[in-house]
Protein chains: 2
Amino acid sequence: MAIPPEIFLLPPKSEATLQQQIQQIVAETIVSGRCAAGERMPSSRKLADHLGVSRITVTLAYTELVANEYLISRDRSGYFVADSAPKRPIFVGQTAEEKGGVDWESRLAHRPRSREDILRPPNWTDYKYPFIYGQSDPDLFDHRNWRNCSLRAVGRKDFNTLTHDHYQNDDPMLVEFILRYILPRRGIRAHPDEILITLGGQNALWMIAQLLLSEGQKAIVENPCFPGLRKIFDQMRYVASSIDVDNEGLPPDLIPPDADVVFTTPSHHAPTNVTMPLDRRLAMLEKALREDFIIVEDDYEFEMSFLSPPAPALKSMDQAGSVIYLGSFSKSIFPGLRLGYVVAAKPLIQEMRKLRTVVLRHPPSHIQRTTAYFLSLGHYDSQINRMARAFSKRRAIMEACIREFKLKLDVHEMHGGSSFWMKAPPGVDTTKLALELRKHSVLIEPGSAFYAYRSPDTSHYRLAYSSINANLIHDGMELVAAAMEAAEKAQ
Amino acid sequence: MAIPPEIFLLPPKSEATLQQQIQQIVAETIVSGRCAAGERMPSSRKLADHLGVSRITVTLAYTELVANEYLISRDRSGYFVADSAPKRPIFVGQTAEEKGGVDWESRLAHRPRSREDILRPPNWTDYKYPFIYGQSDPDLFDHRNWRNCSLRAVGRKDFNTLTHDHYQNDDPMLVEFILRYILPRRGIRAHPDEILITLGGQNALWMIAQLLLSEGQKAIVENPCFPGLRKIFDQMRYVASSIDVDNEGLPPDLIPPDADVVFTTPSHHAPTNVTMPLDRRLAMLEKALREDFIIVEDDYEFEMSFLSPPAPALKSMDQAGSVIYLGSFSKSIFPGLRLGYVVAAKPLIQEMRKLRTVVLRHPPSHIQRTTAYFLSLGHYDSQINRMARAFSKRRAIMEACIREFKLKLDVHEMHGGSSFWMKAPPGVDTTKLALELRKHSVLIEPGSAFYAYRSPDTSHYRLAYSSINANLIHDGMELVAAAMEAAEKAQ
């Protein structure tokens with residue numbers, strides 16, 4: 001392929017002749033690996049035009065570079081980078097950091113402490129037994145129809161939707177289908193101005209925290225809870241109060257009277273999977289009204305309620321507008337999509353929209369429109385049904401293995417989901433266990449990242465079945481059980 | 001189309017019989033407009049399964065609904081929403097706001113003041129003469145190849161890239177092509193760990209402001225400047241210091257000794273389009289080192305330097321790592337893409353990556369990979385060349401019209417771009433002028449949104465030629481000139 005002339009720029013200050021400068025920049029470009037052997041140099045005319053020098057200067061520089069074996073000349077077809085040219089690895093420039101220079105440490109002095117990440121290696125697909133949560137499974141995804149919808153969304157008809165800067169606005173087609181097809185399943189009715197599209201659930205939680213948690217506001221989170229939420233507080237240098245969940249989720253009685261915002265996951269508590277029963281939901285709503293707090297309901301995985309029908313969302317019973325509802329397509333479509341939505345009172349949505357405009361304008365239009373087509377053509381429904389059937393089958397195998405290998409469930413939830421919350425025998429550190437299991441090509445998620453700092457818990461772990469093939473579950477679980485036994489004995 | 005049973009949920013508390021409850025929820029769903037006339041109801045078996053009631057209860061409810069003309073029954077094919085069913089507009093639910101409830105005003109008390117937006121109506125394509133900036137032009141965009149790249153990016157080979165949650169990581173293919181194809185044109189060499197992909201330039205500026213502008217830090221911005229940057233400061237409740245630009249951009253001499261971060265647009269100053277000459281660039285870098293400030297170089301439109309080759313970026317001459325470089329694909333591909341990048345010292349990139357993970361995880365994978373293909377297959381280069389040729393032609397027509405109609409340029413810039421910064425005769429308020437011109441299907445951008453609060457300027461306006469057809473420029477400019485004359489006389 002031909003090297004574009006634009007990559008060559010003369011140095012701003014130089015005592016060398018123009019010809020020398022050209023030789024220098026070409027040589028430097030080749031040595032640094034930015035042009036590969038065999039690539040064609042720009043013609044002398046093009047490079048001369050670009051650099052604003054005479055053509056003969058470039059030709060002389062090229063001739064010299066041939067002599068120095070940086071380039072070779074082929075009759076009629078021009079100059080090419082020589083195989084014999086000196087090579088260095090692609091990224092050779094000394095970084096400014098290495099040279100000294102700006103003291104970034106002091107400029108970034110207010111960095112928040114950062115938590116340990118959950119141990120999920122980026123190359124998790126290389127592991128044979130990935131009991132990891134929240135990723136997609138190529139065997140269950142409706143690839144063909146997603147492709148069709150994506151193609152349709154880049155069609156000429158949708159050109160304006162695709163390409164324009166929409167400033168603060170969402171794709172109206174996606175908003176309509178969320179209002180008409182998704183929210184009614186959760187019993188929620190909303191106006192278009194009560195919904196905002198977000199860059200996934202993480203982005204929604206972050207915006208809510210930004211707008212509602214100014215100084216002196218008290219936030220309540222579940223313990224254990226979704227680590228992404230804790231990271232938001234850490235980044236804001238905000239300390240939230242944790243309340244331990246029980247077998248029915250967050251107990252409303254334990255919410256202190258001075259709470260301002262309560263973050264909860266009533267459908268499937270993350271990560272234990274327990275479902276908050278109806279009476280507790282009603283008690284929570286009554287308490288919110290009486291004591292004037294806002295509820296943030298993260299309904300991140302309601303689609304996976306395949307064991308019994310999902311309980312209506314808190315939002316569906318919310319008469320006063322105290323509930324901010326969050327949905328996400330990360331579990332039902334795929335997480336790399338980065339698309340979610342918030343349903344809340346209009347004044348809050350307006351403020352969130354302003355904040356989103358400043359932070360990122362709007363989610364990319366192409367993915368909004370593709371998702372709208374996927375919903376409108378019914379592919380979303382069939383995908384969810386397919387996933388529910390597969391997860392139900394995998395879950396049954398997992399349960400049989402848990403019994404067979406005498407592993408211990410921490411809670412028995414009721415509505416499905418895509419993982420189990422497990423408890424290791426006393427004294428076993430599941431972080432170490434997870435690292436040990438990697439040697440056997442098994443991935444599990446240690447539980448400590450889900451707990452508040454004040455109650456580090458190393459005895460829990462999560463076993464998900466959303467990304468593991470049903471046929472591999474038994475062997476994988478056997479390896480988990482064996483490692484567990486070894487860890488217990490080693491104490 | 002068949003209505004999915006999932007949209008029906010029994011009320012949480014009810015004294016009615018099950019049959020009555022079912023009638024009620026079906027009727028309510030129809031009246032609220034969530035099911036349209038002619039749509040098929042779920043079969044009695046499916047709805048009974050979903051609600052956990054007996055099938056006969058559903059059948060009795062349906063029969064009653066037929067009697068009440070909500071439904072009609074068709075032999076063998078089931079129940080359908082009747083044409084005669086009572087109708088109300090789609091969104092009838094009284095909002096919580098109307099009912100009273102949460103006092104959002106007080107909860108959002110710390111809302112930043114918000115600035116006037118630039119007057120760009122969302123339906124700008126309906127205007128015949130859109131002299132507006134920053135949108136894409138369907139005639140110049142390489143639609144076919146973008147479509148091919150998009151299709152390739154949803155192919156099976158790229159499945160993992162497309163669907164997985166990449167946590168804090170970018171698409172390595174996109175990073176590689178930015179490093180190899182784009183940055184060298186600006187004279188910039190960088191390591192992969194010195195670059196971060198962002199949701200467009202706005203997102204990059206926002207992250208930088210978040211990390212570098214803690215209390216007591218002094219930021220300098222150009223006056224006039226990109227309104228999106230001012231919005232970021234407003235949202236942070238941060239007051240930046242403005243320095244007036246001259247015909248060579250931001251004067252380094254006017255930067256005060258206590259400056260910490262300087263935001264600048266040396267290639268094409270936004271919005272005046274002036275280019276900072278080399279000696280001023282070198283002076284700026286020297287001053288940054290001497291007085292220890294950071295330069296944020298927004299190189300938002302370097303691709304459109306078609307009148308003379310672009311000057312090397314400040315970043316290319318940055319020995320000490322004082323420069324944070326921002327690039328964007330909004331102008332060269334399209335703004336609805338929402339994709340940009342930052343090149344900076346590794347410690348800053350690490351912190352930006354952490355912040356991005358908390359705020360939104362990562363830009364959607366599909367658009368990253370599509371862009372990577374568009375770059376790697378050379379379509380990006382041809383697109384830029386095509387745009388440059390078209391803009392060059394349009395610019396020449398614009399210049400002829402400016403002379404013919406005796407309109408006044410504020411500055412004569414040198415390198416291209418896609419707009420002119422204009423000055424109205426004394427006393428003409430360009431905001432009013434812009435509104436008046438809309439009546440004649442002409443869109444221009446009034447200049448006041450670009451100025452600091454302390455120096456509101458109503459005499460400037462921007463005329464862009466990035467979205468207007470060359471054949472329409474003359475007539476549009478004639479209308480601008482006529483309105484200008486009328487406004488001047490009306491005083």
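Throughout, a chain's letter reflects where its sequence line sits, starting with A, and its residues are numbered from 1.
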Can you name the nearest heavy-atom pair linking A:R338 to B:P363, along with the distance? CG-C, 4.4 Å
Out of B:I367, B:T161, B:L162, return the one with the most heavy atom pairs under 4.5 angstrom to chain A. B:L162
With rounding to the nearest 0.5 angstrom, report the CZ to CG distance, B:F8 to B:L51. 9.0 Å
If I measure from the heavy atoms of chain B, does A:F293 come under 4.5 Å with its side chain, its backbone, both, or neither? backbone
Gap separating the CG atom of A:L211 from the CD atom of A:Q217, nearest 0.5 angstrom: 11.5 Å
Looking at every heavy atom in both A:Q135 and A:P335, which two are closest together, and how far apart are they? OE1-CG, 3.7 Å
Please rank B:V261, B:N203, B:T198, B:L339 by heavy-atom pairs under 4.5 Å with chain A and give me the top one. B:N203
B:Q202 versus chain A, heavy atoms under 4.5 Å apart: side chain, backbone, both or neither? both
In terms of heavy-atom pairs under 4.5 Å, which option from A:F334, A:F141, A:Y167 contacts chain B the most? A:F334
Heaviest contributor of heavy-atom pairs below 4.5 Å to chain B, chosen from A:I333, A:D260, A:L10, A:D103, is A:D260
What do the steps show when you test B:Q235 against B:K231 for side chain to side chain contact (heavy atoms under 4.5 Å, CB included), and what is the final call? CA-CA 6 Å; B:Q235 185 255 330; B:K231 284 196 173 193; over 6 Å; no
Highest number of heavy-atom pairs under 4.5 Å with chain B among A:S330, A:G155, A:A153 belongs to A:G155
Please say which of A:R369, A:Q368, A:H366 ends up in a side-chain hydrogen bond (donor to acceptor under 3.5 Å, both in side chains) with A:D171. A:R369
Among B:L9, B:T163, B:L337, B:L199, which residue forms the greatest number of heavy-atom pairs with chain A at distances under 4.5 Å? B:T163
Report which part of A:T125 has an atom under 4.5 Å of a heavy atom belonging to chain B: side chain, backbone, both, or neither. side chain
Hey, does A:K346 have a side-chain heavy atom less than 4.5 Å from the side chain of A:H191? no
Using a cut-off of under 4.5 Å for heavy-atom pairs, which of B:S467, B:P138, B:G187, B:P312 has the most such pairs with chain A? B:P138
Best-contacting candidate, B:T357, B:L355, B:D292, against chain A by heavy atom pairs under 4.5 angstrom: B:D292
With respect to chain A, which residue among B:A288, B:P122, B:P5, B:S136 yields the maximal number of heavy-atom pairs within a distance under 4.5 Å? B:S136
CD1 of A:I384 to CD of A:E303, rounded to nearest 0.5 Å, is 4.5 Å
Mind ranking A:E6, A:H164, A:R156 by heavy-atom pairs under 4.5 Å with chain B and telling me who comes out on top? A:H164
Please round to the nearest 0.5 Å and tell me the distance separating atom OG of B:S322 and atom CG of B:L289. 4.5 Å
Output for pair (A:E351 CD, A:L212 CG), nearest 0.5 Å, gives 10.5 Å
By a 4.5 Å heavy-atom criterion (distance strictly below it), what part of A:L282 contacts chain B: side chain, backbone, both, or neither? side chain
Given the options A:V359, A:V154, A:I232, which has more heavy-atom pairs under 4.5 Å with chain B than any of the others? A:V359
